[in-house]
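First up is the structure itself, then whatever we jot down about it.
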Number of protein chains: 2
Amino acid sequence: MKTDAILSNLKEGGYRMTRVRRAVVAALSGSAVPLSALDLKTLLSEAAMRVNKTTVYREIAFLMDRGVIHEIQFGDGKMRYRVCPEAHHHHAICVRCSRVEEITMENDMKKHERAIARRRGFKVLSHTLEFFGLCNSCNGK
Amino acid sequence: MKTDAILSNLKEGGYRMTRVRRAVVAALSGSAVPLSALDLKTLLSEAAMRVNKTTVYREIAFLMDRGVIHEIQFGDGKMRYRVCPEAHHHHAICVRCSRVEEITMENDMKKHERAIARRRGFKVLSHTLEFFGLCNSCNGK
DNA sequence: CACCAAACGCAACCGGATTGCATTATGAAG
DNA sequence: CTTCATAATGCAATCCGGTTGCGTTTGGTG
Ligand SMILES: [Mn+2]
Ligand SMILES: [Mn+2]
Ligand SMILES: [Zn+2]
Ligand SMILES: [Zn+2]
(Lines give C-alpha, C1' and ligand atoms only; values in the text may rest on other atoms or scores of the structure.)
(Ligands and ions follow the chains in the order given, each with its own letter.)
Protein backbone atom coordinates (compact mmCIF):
# COMPACT_ATOMS: atom_id res chain seq x y z
CA MET A 1 0.00 0.00 0.00
CA LYS A 2 1.38 3.37 -0.99
CA THR A 3 -1.01 5.12 1.37
CA ASP A 4 1.57 5.37 4.14
CA ALA A 5 4.23 6.76 1.82
CA ILE A 6 1.90 9.49 0.61
CA LEU A 7 0.79 10.39 4.11
CA SER A 8 4.29 10.58 5.52
CA ASN A 9 5.34 12.72 2.59
CA LEU A 10 2.53 15.13 3.40
CA LYS A 11 3.48 15.06 7.06
CA GLU A 12 7.05 15.95 6.19
CA GLY A 13 5.68 18.80 4.12
CA GLY A 14 4.23 20.22 7.33
CA TYR A 15 0.59 19.46 6.55
CA ARG A 16 -1.87 18.28 9.16
CA MET A 17 -3.03 14.71 9.45
CA THR A 18 -6.78 14.57 9.68
CA ARG A 19 -9.38 11.80 9.60
CA VAL A 20 -10.61 12.83 6.19
CA ARG A 21 -7.16 13.23 4.71
CA ARG A 22 -6.12 9.78 5.81
CA ALA A 23 -9.36 8.25 4.59
CA VAL A 24 -9.34 9.97 1.19
CA VAL A 25 -5.74 9.04 0.48
CA ALA A 26 -6.41 5.46 1.56
CA ALA A 27 -9.53 5.21 -0.59
CA LEU A 28 -7.83 6.59 -3.67
CA SER A 29 -4.65 4.60 -3.38
CA GLY A 30 -6.62 1.45 -2.69
CA SER A 31 -8.99 1.74 -5.63
CA ALA A 32 -8.54 0.09 -9.00
CA VAL A 33 -10.88 2.61 -10.62
CA PRO A 34 -10.71 6.40 -10.46
CA LEU A 35 -13.18 7.85 -7.96
CA SER A 36 -15.47 10.83 -8.19
CA ALA A 37 -16.08 13.21 -5.30
CA LEU A 38 -19.37 11.49 -4.59
CA ASP A 39 -17.72 8.07 -4.83
CA LEU A 40 -15.31 9.19 -2.15
CA LYS A 41 -18.03 10.55 0.09
CA THR A 42 -19.98 7.31 -0.25
CA LEU A 43 -16.93 5.18 0.48
CA LEU A 44 -16.13 7.15 3.60
CA SER A 45 -19.73 6.98 4.75
CA GLU A 46 -19.70 3.21 4.34
CA ALA A 47 -16.66 3.18 6.59
CA ALA A 48 -18.84 4.86 9.22
CA MET A 49 -17.15 8.18 8.70
CA ARG A 50 -19.43 11.17 8.52
CA VAL A 51 -18.08 13.75 6.02
CA ASN A 52 -19.44 16.82 4.36
CA LYS A 53 -19.22 16.93 0.58
CA THR A 54 -17.51 20.32 0.71
CA THR A 55 -14.75 18.78 2.75
CA VAL A 56 -14.30 16.06 0.18
CA TYR A 57 -14.01 18.63 -2.59
CA ARG A 58 -11.54 20.64 -0.59
CA GLU A 59 -9.44 17.62 0.21
CA ILE A 60 -9.39 16.76 -3.49
CA ALA A 61 -8.21 20.28 -4.28
CA PHE A 62 -5.56 20.00 -1.61
CA LEU A 63 -4.20 16.73 -2.97
CA MET A 64 -4.34 18.06 -6.54
CA ASP A 65 -2.38 21.17 -5.58
CA ARG A 66 0.34 19.01 -4.03
CA GLY A 67 0.48 16.77 -7.08
CA VAL A 68 -0.60 13.74 -5.09
CA ILE A 69 -3.58 12.94 -7.28
CA HIS A 70 -4.70 13.91 -10.77
CA GLU A 71 -8.03 14.06 -12.51
CA ILE A 72 -9.44 12.09 -15.41
CA GLN A 73 -12.41 12.95 -17.58
CA PHE A 74 -14.64 10.06 -18.49
CA GLY A 75 -16.80 12.49 -20.43
CA ASP A 76 -19.89 12.08 -18.26
CA GLY A 77 -19.62 15.41 -16.52
CA LYS A 78 -17.96 14.09 -13.37
CA MET A 79 -14.30 14.41 -12.62
CA ARG A 80 -12.58 11.26 -11.37
CA TYR A 81 -9.41 11.15 -9.36
CA ARG A 82 -6.60 8.75 -8.76
CA VAL A 83 -3.18 8.83 -7.20
CA CYS A 84 -0.57 10.20 -9.53
CA PRO A 85 1.57 7.71 -11.28
CA GLU A 86 5.29 8.02 -11.75
CA ALA A 87 5.23 9.33 -15.29
CA HIS A 88 2.83 10.92 -17.75
CA HIS A 89 0.67 8.32 -19.42
CA HIS A 90 -2.78 7.63 -20.79
CA HIS A 91 -5.73 5.43 -20.00
CA ALA A 92 -7.74 2.63 -21.48
CA ILE A 93 -11.13 2.96 -19.83
CA CYS A 94 -13.57 0.06 -19.91
CA VAL A 95 -16.99 1.40 -20.82
CA ARG A 96 -18.61 -1.55 -19.11
CA CYS A 97 -16.88 -1.94 -15.74
CA SER A 98 -14.97 1.39 -15.57
CA ARG A 99 -11.70 -0.33 -14.87
CA VAL A 100 -8.75 1.74 -16.00
CA GLU A 101 -5.47 0.53 -17.43
CA GLU A 102 -2.49 2.78 -17.79
CA ILE A 103 -1.00 3.19 -21.22
CA THR A 104 2.50 4.48 -21.74
CA MET A 105 3.43 5.75 -25.15
CA GLU A 106 5.36 8.90 -24.58
CA ASN A 107 7.94 8.24 -27.25
CA ASP A 108 5.24 8.16 -29.91
CA MET A 109 3.42 11.14 -28.52
CA LYS A 110 6.58 13.20 -28.33
CA LYS A 111 7.18 12.32 -31.95
CA HIS A 112 3.71 13.51 -32.89
CA GLU A 113 4.17 16.71 -30.95
CA ARG A 114 7.37 17.45 -32.78
CA ALA A 115 5.67 16.76 -36.09
CA ILE A 116 2.88 19.17 -35.23
CA ALA A 117 5.40 21.83 -34.27
CA ARG A 118 7.38 21.31 -37.44
CA ARG A 119 4.47 21.18 -39.86
CA ARG A 120 2.21 23.92 -38.51
CA GLY A 121 4.22 25.98 -36.07
CA PHE A 122 1.95 24.92 -33.23
CA LYS A 123 3.90 24.52 -30.01
CA VAL A 124 2.33 21.67 -28.08
CA LEU A 125 2.39 22.17 -24.33
CA SER A 126 0.29 19.21 -23.26
CA HIS A 127 -2.14 16.66 -24.54
CA THR A 128 -4.90 14.37 -23.40
CA LEU A 129 -5.41 10.90 -24.79
CA GLU A 130 -7.89 8.35 -23.53
CA PHE A 131 -9.02 5.10 -25.06
CA PHE A 132 -12.51 3.78 -24.47
CA GLY A 133 -13.48 0.18 -25.02
CA LEU A 134 -13.84 -3.23 -23.41
CA CYS A 135 -11.29 -4.61 -21.01
CA ASN A 136 -10.01 -8.14 -21.15
CA SER A 137 -12.60 -9.54 -18.78
CA CYS A 138 -15.53 -7.62 -20.22
CA ASN A 139 -14.61 -8.46 -23.77
CA GLY A 140 -16.26 -11.84 -24.13
CA LYS A 141 -19.70 -10.75 -23.03
CA MET B 1 -19.43 29.27 -46.85
CA LYS B 2 -20.70 25.75 -46.20
CA THR B 3 -23.75 27.10 -44.40
CA ASP B 4 -25.94 26.86 -47.46
CA ALA B 5 -24.87 23.31 -48.23
CA ILE B 6 -25.73 22.18 -44.71
CA LEU B 7 -29.07 23.92 -44.74
CA SER B 8 -30.16 22.56 -48.08
CA ASN B 9 -29.12 19.09 -46.98
CA LEU B 10 -31.37 19.44 -43.96
CA LYS B 11 -34.16 20.76 -46.14
CA GLU B 12 -33.87 17.76 -48.40
CA GLY B 13 -34.07 15.59 -45.31
CA GLY B 14 -37.52 17.05 -44.69
CA TYR B 15 -36.60 19.21 -41.73
CA ARG B 16 -38.02 22.65 -41.16
CA MET B 17 -36.09 25.82 -41.77
CA THR B 18 -36.40 28.12 -38.81
CA ARG B 19 -34.76 31.35 -37.75
CA VAL B 20 -32.78 29.66 -35.03
CA ARG B 21 -31.69 26.75 -37.19
CA ARG B 22 -30.38 29.04 -39.87
CA ALA B 23 -28.62 31.25 -37.35
CA VAL B 24 -27.02 28.40 -35.40
CA VAL B 25 -25.72 26.68 -38.51
CA ALA B 26 -24.40 29.97 -39.83
CA ALA B 27 -22.70 30.80 -36.55
CA LEU B 28 -21.05 27.41 -36.25
CA SER B 29 -19.91 27.11 -39.82
CA GLY B 30 -18.60 30.66 -39.75
CA SER B 31 -16.57 30.33 -36.58
CA ALA B 32 -12.88 29.52 -36.41
CA VAL B 33 -13.26 28.37 -32.81
CA PRO B 34 -15.71 25.82 -31.42
CA LEU B 35 -18.67 27.45 -29.71
CA SER B 36 -20.43 26.59 -26.47
CA ALA B 37 -24.18 26.77 -26.06
CA LEU B 38 -23.85 30.09 -24.29
CA ASP B 39 -21.49 31.36 -26.99
CA LEU B 40 -24.18 30.60 -29.54
CA LYS B 41 -26.90 32.29 -27.53
CA THR B 42 -24.73 35.37 -27.12
CA LEU B 43 -23.84 35.49 -30.80
CA LEU B 44 -27.49 35.25 -31.81
CA SER B 45 -28.46 37.90 -29.33
CA GLU B 46 -25.83 40.22 -30.75
CA ALA B 47 -27.43 39.67 -34.13
CA ALA B 48 -30.62 41.05 -32.60
CA MET B 49 -32.20 37.62 -32.44
CA ARG B 50 -34.00 36.78 -29.25
CA VAL B 51 -33.55 33.09 -28.40
CA ASN B 52 -34.21 30.96 -25.39
CA LYS B 53 -31.31 28.90 -24.09
CA THR B 54 -33.42 25.75 -24.17
CA THR B 55 -33.94 26.26 -27.87
CA VAL B 56 -30.21 26.57 -28.39
CA TYR B 57 -29.60 23.33 -26.53
CA ARG B 58 -32.31 21.59 -28.51
CA GLU B 59 -30.96 22.84 -31.79
CA ILE B 60 -27.53 21.58 -30.80
CA ALA B 61 -29.04 18.18 -30.01
CA PHE B 62 -30.83 18.21 -33.35
CA LEU B 63 -27.69 18.97 -35.30
CA MET B 64 -25.70 16.40 -33.31
CA ASP B 65 -28.28 13.70 -33.99
CA ARG B 66 -28.05 14.38 -37.72
CA GLY B 67 -24.28 14.30 -37.63
CA VAL B 68 -24.00 17.91 -38.74
CA ILE B 69 -21.93 19.01 -35.75
CA HIS B 70 -19.82 17.29 -33.14
CA GLU B 71 -18.69 18.19 -29.67
CA ILE B 72 -15.26 18.86 -28.25
CA GLN B 73 -14.20 18.88 -24.64
CA PHE B 74 -11.77 21.60 -23.69
CA GLY B 75 -11.76 20.27 -20.17
CA ASP B 76 -13.37 23.30 -18.57
CA GLY B 77 -16.78 21.75 -18.03
CA LYS B 78 -18.40 23.26 -21.11
CA MET B 79 -19.09 21.38 -24.31
CA ARG B 80 -18.04 23.14 -27.51
CA TYR B 81 -19.46 22.46 -30.93
CA ARG B 82 -18.32 22.79 -34.48
CA VAL B 83 -19.44 21.56 -37.85
CA CYS B 84 -18.37 18.03 -38.54
CA PRO B 85 -15.34 17.51 -40.65
CA GLU B 86 -15.04 14.81 -43.27
CA ALA B 87 -13.23 12.23 -41.18
CA HIS B 88 -12.37 11.44 -37.61
CA HIS B 89 -9.52 13.59 -36.43
CA HIS B 90 -8.08 15.44 -33.46
CA HIS B 91 -7.44 19.00 -32.42
CA ALA B 92 -4.63 21.32 -31.57
CA ILE B 93 -6.21 23.90 -29.30
CA CYS B 94 -4.46 27.20 -28.68
CA VAL B 95 -4.59 27.93 -24.97
CA ARG B 96 -4.23 31.62 -25.67
CA CYS B 97 -6.66 32.43 -28.51
CA SER B 98 -8.75 29.22 -28.52
CA ARG B 99 -8.20 28.71 -32.20
CA VAL B 100 -8.49 25.08 -33.20
CA GLU B 101 -6.55 23.23 -35.86
CA GLU B 102 -7.56 19.83 -37.06
CA ILE B 103 -5.05 17.06 -36.78
CA THR B 104 -5.35 13.87 -38.79
CA MET B 105 -3.38 10.88 -37.66
CA GLU B 106 -5.70 7.97 -37.92
CA ASN B 107 -3.12 5.59 -39.29
CA ASP B 108 -1.01 6.00 -36.20
CA MET B 109 -3.96 5.82 -33.85
CA LYS B 110 -5.25 2.67 -35.49
CA LYS B 111 -1.81 1.19 -35.02
CA HIS B 112 -1.85 2.07 -31.34
CA GLU B 113 -5.32 0.63 -30.92
CA ARG B 114 -4.23 -2.64 -32.45
CA ALA B 115 -1.19 -2.73 -30.18
CA ILE B 116 -3.37 -2.20 -27.14
CA ALA B 117 -5.69 -5.00 -28.24
CA ARG B 118 -2.79 -7.33 -28.89
CA ARG B 119 -0.84 -6.62 -25.74
CA ARG B 120 -3.59 -6.42 -23.13
CA GLY B 121 -6.76 -7.83 -24.65
CA PHE B 122 -8.44 -4.43 -24.41
CA LYS B 123 -10.75 -3.85 -27.36
CA VAL B 124 -10.61 -0.14 -28.17
CA LEU B 125 -13.92 1.26 -29.40
CA SER B 126 -13.04 4.94 -29.50
CA HIS B 127 -10.52 7.44 -28.28
CA THR B 128 -10.12 11.11 -27.57
CA LEU B 129 -6.93 12.99 -28.31
CA GLU B 130 -6.44 16.71 -28.00
CA PHE B 131 -3.28 18.78 -28.06
CA PHE B 132 -3.03 22.00 -26.10
CA GLY B 133 -0.46 24.65 -26.80
CA LEU B 134 0.32 27.84 -28.68
CA CYS B 135 -0.72 28.35 -32.27
CA ASN B 136 1.54 29.81 -34.89
CA SER B 137 0.44 33.40 -34.37
CA CYS B 138 0.37 33.21 -30.58
CA ASN B 139 3.74 31.53 -30.38
CA GLY B 140 6.01 34.54 -30.55
CA LYS B 141 4.41 36.43 -27.67
C1' DC C 1 -56.92 29.06 -45.32
C1' DA C 2 -56.82 24.90 -42.27
C1' DC C 3 -54.25 21.64 -40.14
C1' DC C 4 -50.53 19.07 -37.59
C1' DA C 5 -46.15 18.12 -36.15
C1' DA C 6 -41.95 20.45 -35.33
C1' DA C 7 -40.05 24.09 -33.03
C1' DC C 8 -40.22 27.31 -29.34
C1' DG C 9 -40.46 29.96 -24.69
C1' DC C 10 -40.80 29.72 -20.01
C1' DA C 11 -40.22 28.18 -15.47
C1' DA C 12 -38.94 24.81 -12.72
C1' DC C 13 -35.61 21.59 -11.93
C1' DC C 14 -31.14 18.69 -11.71
C1' DG C 15 -26.46 17.43 -10.30
C1' DG C 16 -21.74 18.58 -9.81
C1' DA C 17 -19.06 21.92 -7.94
C1' DT C 18 -18.01 26.39 -5.29
C1' DT C 19 -18.25 30.08 -1.67
C1' DG C 20 -18.90 32.68 2.78
C1' DC C 21 -18.89 32.23 7.29
C1' DA C 22 -19.01 30.36 11.78
C1' DT C 23 -17.05 26.37 14.38
C1' DT C 24 -13.80 22.68 15.47
C1' DA C 25 -9.56 20.37 15.73
C1' DT C 26 -4.43 19.78 14.72
C1' DG C 27 0.04 20.30 16.16
C1' DA C 28 3.56 23.27 17.83
C1' DA C 29 5.17 26.30 21.41
C1' DG C 30 5.48 27.31 26.20
C1' DC D 1 -1.11 19.81 30.21
C1' DT D 2 -2.62 24.27 28.51
C1' DT D 3 -2.46 27.95 25.12
C1' DC D 4 -2.71 29.59 20.60
C1' DA D 5 -2.68 30.26 15.54
C1' DT D 6 -4.39 28.51 11.73
C1' DA D 7 -5.71 24.56 8.99
C1' DA D 8 -9.60 21.91 8.37
C1' DT D 9 -14.55 21.20 8.73
C1' DG D 10 -19.77 21.66 8.50
C1' DC D 11 -23.57 23.89 6.77
C1' DA D 12 -26.44 26.62 3.89
C1' DA D 13 -26.65 29.18 0.10
C1' DT D 14 -25.24 29.72 -4.46
C1' DC D 15 -23.40 29.00 -9.05
C1' DC D 16 -23.56 27.02 -13.52
C1' DG D 17 -24.13 24.03 -17.45
C1' DG D 18 -27.59 21.47 -18.86
C1' DT D 19 -32.47 19.15 -18.85
C1' DT D 20 -37.59 18.50 -18.52
C1' DG D 21 -42.65 19.26 -18.67
C1' DC D 22 -45.95 21.74 -20.71
C1' DG D 23 -48.53 25.03 -23.04
C1' DT D 24 -48.00 28.09 -27.27
C1' DT D 25 -46.32 29.37 -31.79
C1' DT D 26 -44.86 28.50 -36.37
C1' DG D 27 -43.30 26.14 -40.74
C1' DG D 28 -44.79 23.73 -44.51
C1' DT D 29 -48.14 20.92 -46.88
C1' DG D 30 -52.66 20.08 -48.79
MN1 LIG E 1 -3.38 8.05 -14.74
MN1 LIG F 1 -13.09 18.52 -35.17
ZN1 LIG G 1 -14.34 -4.02 -18.11
ZN1 LIG H 1 -3.45 31.16 -30.63
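Labels below follow one simple rule: chain letters A, B, ... track the order of the sequence lines, proteins then strands, and each chain is numbered from 1.
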Both Met17(B) and Tyr15(A) contact DNA chain D. Which one's nearest nucleotide lies toward the 5' end?
Tyr15(A)

Going by the rule side chain to side chain contact (heavy atoms under 4.5 Å, CB included), which residues pair with Thr42(B) if we only count those two or more places apart in sequence or in a different chain?
Leu38(B), Glu46(B)

Could you tell me how far apart Glu59(B) (CD) and dT26(D) (C1') are, to the nearest whole angstrom?
14 Å

Mind checking what makes side-chain hydrogen bond (donor to acceptor under 3.5 Å, both in side chains) contact with Ser36(B), not counting sequence neighbours?
Asp39(B)

Sequence neighbours excluded, the answer for side chain to side chain contact (heavy atoms under 4.5 Å, CB included) partners of Cys97(B) is Cys94(B), Arg99(B), Cys135(B), Cys138(B)

Please enumerate all residues that pass side chain to side chain contact (heavy atoms under 4.5 Å, CB included) together with Met79(B), with sequence neighbours excluded.
Glu71(B), Gln73(B), Tyr81(B)

With the threshold set at 4.0 Å, does a side-chain nitrogen-carboxylate oxygen contact exist between Glu101(B) and Arg119(A)?
no

Is a side-chain donor-acceptor pair under 3.5 Å present for Arg21(B) with Tyr15(B)?
no

Checking Ser31(A) side chain against Ala27(A) main chain: does a donor-acceptor pair fall under 3.5 Å?
no

Measure the spacing between CE of Met109(A) and CG of Leu129(A) and express it to the nearest 0.5 Å.
5.0 Å

Do nucleotides 11-20 of chain D as a string where each nucleotide becomes B, S or -: B if the base has a protein heavy atom under 4.0 Å, S if just the sugar-phosphate does, - if no protein is that close.
BB----SBBB

Going 5' to 3' on DNA chain C, which nucleotide is the first and which the last to come under 4.0 Å of a heavy atom in chain A?
dG16(C) to dG27(C)

Spell out yes or no: do the side chain of Arg16(A) and the base of dA7(D) have one donor N/O and one acceptor N/O closer than 3.5 Å?
yes

